[in-house]
Amino acid sequence: MSDRNTDTPNDFIRAIVREDLTSNKNRGRVHTRFPPEPNGYLHIGHAKSINLNYGLAREFGGKFNLRFDDTNPTKEEQEYVDSIMADVRWLGADWEDRLLFASDYFGRLYEWATYLIRDGKAYVDDLSAEEIRQYRGTLTEPGQDSPYRNRSVEENLDLFERMKKGEFPDGSRVLRAKIDMASPNINLRDPVMYRILHATHHRTGDEWCIYPMYDWAHGQSDAIEGITHSICTLEFENNRPLYNWFLENVDVPHYPRQIEFARLQLTYTVLSKRYLQRLVKEGYVNGWDDPRMPTIAGLRRRGYTSEAIRSFCEAIGVAKANSTVELAMLEHAIRDDLNMSAPRAMAVLDPLKVVIENYPAGQVEEMVLANHPQQPEMGTRLVPFSREIYIERDDFMENPPNKFFRLAPGREVRLNQAYYLTCTGMVKDEQGQVVELRCTYDPDSRGGTTPDGRKVKGTIHWLPVAQSVEAEIRLYDTLFTKPNPGDVGEGEDFTANINPDSLMVVRGRVEPAIASAPAGSRYQFMRQGYFCVDPDSQPGRPVFNRTVTLRDSYKPAP
RNA sequence: UGAGGUGUCGCCAAGUGGCUAAGGCAUCGGACUUUGAAUCCGACAUUCGUAGGUUCGAAUCCUACCACCUCAGCCA
């Protein structure tokens, strides 16, 4: 494991927390939360936030809440809360007994809203959505007061209660905070606190027909839960004054502090819920857990470990500058983890048959192969060796360039942990394609060394023809062809950059020893990459997902 | 162009006035190698958006400018 994992993360948020601790700001408490809206699956960007929030709680002896920000019943579903819980848990964040929902606070929020009305700080507005927009002004011009802004407290109270009772149709009225229509910060121009929505909520059912807006619900929920550091992304910076206004104008039990950090952006991928939603709904991928998706579910199915995701999150850091992390960083994290933990195996993706002419027909030797070259404690396994074997088509060239270390006519290579092999001839089909190789082996090279100590430059992988097992192997490439999928021409959107070759399905062969491995098992297929058994596997017909290729420093001669 | 933010190596990112501007990823050399993997060694910002200023001394302080991001949902 790399040493960065043992380093204590250091960033501006941890600096703030440390200061608060030394000044005893929250009586030494640290309490964070992860507040997803259950309207989609979690992705790698959420993992950054979860890792930050949970990491903070763990490092400073604090607590971490999982709170669903479920204030918009028209977009939220139980399926999403289930998947989010599973993903947060898989990532290793523990909310203990604090599984919470903003909808649990609807009653309290309602009471606080009536308090604001009584205090002359909120009013019911009859303007339409369109009118409200017009009255709001623009970025450079102040807004105008709504004609309903100065209703009496009694009328406001009555109207608000009737809104709650469901007497008015959707969109007919809203409750607004009375702040300042001329504020240079548009969020403060009498923001909407409640809208009427005759919709069934996934938890509260039809109990409510008014629902609080994010700005109103979020800070108050933080206050109720005793959150000390309410961490969100940069786009909420402009909302912070409003977050604070709501806390200052009702009698809250606690004052949380909102801190914003830059959300994750990754090359060759999109990380907006709306785009991910489209990829799923429009069939560009096969569901939220498609291994090409940057969702937690997709990464998991692809073969990523939560440990790798965690170490990636630590490697990228936390800051306020917008930035785009190279995909190579994520790939490094999973290679780094799997290099240590994944047992090695051999698989041939594109088989080329080899007949070893001096090997006795009918003879089978059980070769003993190490499961990990650097970790003998990972044990060994048996792979049968016989007269007919498969090698990778790529590992043979009829006319190789001089730096090609693999098999070619007259050249000798080592079959991984088996024998030295020399190519003596080729069999071609009518099209001139090589369909079979004729070779000889050196009986004195068993295990991969010879008494004369001669060197071979190349070692290739192999599989016995009879005992190897056919497998479906899914080779993934990036879902987009450009580092920035949003880099499109006029009238195009990100789908124009979808990579038509992001999934290549291949019928290859694997060792008998791994043919029935359970879904989720991870291996390094030697010289090729890390692979993971997919849940689509059937007994005797395994399906493997390529998690990531191995690094490859081989460069064909110019 | 109102307000709020951000600008340190190809990509992340430390650095909060004083040794030669951390570290990771990537890249490029070389060693080792029964994975062209891993591992190991080495190279990789006289310069911190730009221009001025303060100071014995500035990426760090001041001034001006430039670039980029966010905000005009009854989304979050």
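Quick note on labels: first sequence line is chain A, next is B, and so on, each numbered from 1.
- Straight-line distance from the CG atom of A/Leu42 to the C1' atom of B/A76: 14 Å, rounded to whole Å.
- Between the OH atom of A/Tyr530 and the P atom of B/A37 there is a distance of 12 Å, given to the nearest Å.
- Spacing between B/U70 and B/C61 at atom C1', rounded to whole Å, works out to 28 Å.
- As judged by a 4.0 angstrom heavy-atom cut-off over every strand, A/Pro35 is placed among residues making no nucleic acid contact.
- Among the atoms of the strands shown, base atoms are found under 4.0 Å from some heavy atom of A/Phe404.
- Whole-Å rounding puts the A/Leu550 CG to B/G36 P distance at 9 Å.
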Quiz prompt | Under 4.0 Å protein heavy-atom contact, by nucleotide of nucleotides 66-73 of chain B - B base, S sugar-phosphate only | solution = ---SBBBS

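- Within the nucleic acid shown, A/Asn416 comes within 4.0 Å of at least one base atom, counting heavy atoms only.
- By the 4.0 Å N-to-carboxylate-O rule, A/Arg203 lies close enough to A/Asp104 to be salt-bridged with it.
- A/Thr71 comes within contact range of the sugar-phosphate backbone alone, with a heavy-atom separation under 4.0 Å but no base atom that close.
- Computed from coordinates, the A/His218 NE2 to B/C75 C1' distance equals 14 Å when rounded to whole Å.
- The same atom, P, is picked in B/U1 and in B/A67; the two are 9 Å apart, to the nearest Å.
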Collect all protein-nucleotide pairs involving nucleotides 26-30 of chain B in which both atoms are nitrogen or oxygen and the distance is under 3.5 Å.
residue: B/U27; atom: OP2; partner: A/Arg551; partner atom: NH2; Å: 3.2

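- Which of B/A38, B/A76, B/U35 sits closest to the side chain of A/Glu37 comes down to B/A76.
- No engagement by A/Ile196 is indicated, since no non-hydrogen atom pair under 4.0 Å with the nucleic acid exists.
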